[in-house]
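Notes for the one structure printed next.
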Amino acid sequence: MAKDKAKLSDVTEQPRNANRHTVRGTGALEHSIRKNGVISAITTTKKLQTFDGSNTLANCLEIFGDEVEPIFVYSDGTRPVVHVRTDIESIDDPKAVELGVAANRVPYLDYDPDVELLLEIHEEINLSDLYFDD
């Protein structure tokens, strides 16, 4: 089980990431975090091994440093996790509007699939539902 007082540096990147990320997407993510803060969670295993949000992790390490203590939420994935931004009063706040756009645009800009790795993973786990129409 992960420690409640773990540091950001205790979270490790995934060893096989099928998204190589793009320079433009990484830059857009960095700009968004620096301007408006973190919007998306970093999802890990019990051992704090990242499998979603590796680029967010890398940017947060650069921006906040490796000694920052992240907020940990423990879940088994059967209930949604709601991130309440206490610094944003309403949906009309320009920060909420910009983050709503960034939440969709940054992943689009940052997706650079590693086709060879995806094919390798597909041999282990059927990815047809994610990449092929019925």
Side-chain angles (χ1 to χ4, degrees):
M1 180 64 75
K3 305 179 286 183
D4 286 336
K5 287 293 187 179
K7 295 176 273 188
L8 197 56
S9 59
D10 293 326
V11 179
T12 60
E13 291 186 35
Q14 60 192 31
R16 296 187 330 164
N17 188 345
N19 185 2
R20 296 178 294 206
H21 301 289
T22 67
V23 172
R24 184 176 181 198
T26 299
L29 178 60
E30 178 185 4
H31 173 76
S32 182
I33 293 172
R34 286 188 187 279
K35 183 176 181 187
N36 294 311
V38 179
I39 187 171
S40 298
I42 299 164
T43 308
T44 73
T45 65
K46 285 183 185 180
K47 295 179 180 179
L48 300 181
Q49 300 160 316
T50 304
F51 60 89
D52 180 48
S54 59
N55 206 5
T56 300
L57 172 62
N59 273 282
C60 286
L61 283 165
E62 176 69 27
I63 293 166
F64 303 117
D66 58 359
E67 295 297 312
V68 70
E69 293 179 2
I71 299 167
F72 287 93
V73 176
Y74 298 89
S75 163
D76 65 1
T78 59
R79 294 172 48 203
V81 175
V82 177
H83 178 191
V84 178
R85 284 287 299 261
T86 58
D87 61 319
I88 301 175
E89 188 65 32
S90 76
I91 197 67
D92 298 324
D93 185 312
K95 188 183 283 190
V97 174
E98 185 172 348
L99 284 170
V101 173
N104 291 291
R105 182 69 174 152
V106 169
Y108 173 81
L109 293 173
D110 198 38
Y111 189 56
D112 180 19
D114 184 333
V115 176
E116 288 181 19
L117 181 54
L118 284 167
L119 289 170
E120 181 182 311
I121 293 170
H122 184 64
E123 290 179 12
E124 302 165 16
I125 303 166
N126 187 342
L127 299 176
S128 296
D129 291 342
L130 296 171
Y131 284 93
F132 305 106
D133 293 333
D134 291 338

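Here the structure is a predicted model, which is why all the values come from computation and not from measurement.
V81 and I42 are assigned to two separate hydrophobic clusters, defined by single-linkage of ILVMFWY side chains at heavy-atom distances under 4.5 Å. Transitive grouping of hydrophobic side chains (ILVMFWY, heavy atoms separated by less than 4.5 Å) keeps Y111 and L109 in distinct clusters. When the side chains of ILVMFWY residues are joined at heavy-atom separations under 4.5 Å, either directly or via intervening members, L48 and V73 end up in two distinct hydrophobic clusters. Transitive grouping of hydrophobic side chains (ILVMFWY, heavy atoms separated by less than 4.5 Å) keeps L99 and V97 in distinct clusters. Neither I63 nor I39 shares a network with the other; the hydrophobic side chains, linked directly or stepwise wherever heavy atoms of I, L, V, M, F, W or Y lie under 4.5 Å apart, form separate groups for each.
For P113 against R20, the heavy-atom pair with the smallest separation is O-NH2, 3.0 Å. Nearest approach of S90 to A96, heavy atoms of both residues: O-CB, 3.8 Å.
The shortest distance between side-chain heavy atoms of F64 and V38 falls below 4.5 Å. Using a 4.5 Å cut-off on side-chain heavy atoms (C-beta onward), V11 and T50 make contact. At least one side-chain heavy atom of N36 sits less than 4.5 Å from a side-chain heavy atom of K95. Using a 4.5 Å cut-off on side-chain heavy atoms (C-beta onward), F51 and T43 make contact. Between S32 and R105, every side-chain heavy-atom pair lies at or beyond the 4.5 Å cut-off. Residues L8 and L57 are in side-chain contact: their nearest non-hydrogen atoms beyond the backbone lie under 4.5 Å apart. In this structure the side chain of V106 never reaches within 4.5 angstrom of the side chain of N55, judged on heavy atoms. In this structure, I121 and L127 have side chains that are in contact, with non-hydrogen atoms separated by less than 4.5 Å.
No side-chain donor-acceptor contact under 3.5 Å links E62 and N59. No side-chain donor from either of D112 and T22 sits under 3.5 Å from a side-chain acceptor of the other. For the 3.5 Å distance criterion, the side chains of D110 and H21 qualify, holding a donor opposite an acceptor.
Annotation: the span from D66 atom CG to C60 atom SG amounts to 12.5 Å, rounded to 0.5 Å. E67 contributes atom CD, which lies 10.5 Å from atom CG of L61 (distance to the nearest 0.5 angstrom). Interatomic distance, CD of E13 versus OG of S54, reported as 6.0 Å (0.5 Å rounding).
Look at R16 and D114 and you find no salt bridge, because none of the NZ, NE, NH1 or NH2 atoms lies under 4.0 Å from a carboxylate O. Ion pairing between R85 and D87 holds under the 4.0 Å rule for side-chain N and carboxylate O. A salt bridge is absent between K7 and E69; no separation between the charged side-chain nitrogens and carboxylate oxygens falls under 4.0 Å.
Between the side chain of N104 and the backbone N or O of G100, at least one donor-acceptor pair lies under 3.5 Å.
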Next on the checklist: Pair Y131, L118 - check side-chain contact (heavy atoms from CB on, under 4.5 Å), show working.
Outcome noted: CA-CA 10 Å; Y131 284 93; L118 284 167; 3.5 Å; yes

Item to check | Working for side-chain contact (heavy atoms from CB on, under 4.5 Å), residues T56 and L29 | outcome: CA-CA 7 Å; T56 300; L29 178 60; 3.9 Å; yes

Next on the checklist: Set out, in order, the CA-CA distance, both residues' side-chain angles and the distance that settles side-chain contact (heavy atoms from CB on, under 4.5 Å) for E98 and K35, then state yes or no.
Outcome noted: CA-CA 10 Å; E98 185 172 348; K35 183 176 181 187; 3.0 Å; yes

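By the 4.5 Å side-chain criterion applied to Ile, Leu, Val, Met, Phe, Trp and Tyr, V115 is assigned to a cluster that also includes L119.
By the side chain to side chain donor-acceptor pair (under 3.5 Å) test, R24 pairs with no residue at all, sequence neighbours left out.
Environment of CD in E89: sparse, with no more than 12 heavy atoms of neighbouring residues, nucleotides or ligands closer than 6.0 Å.
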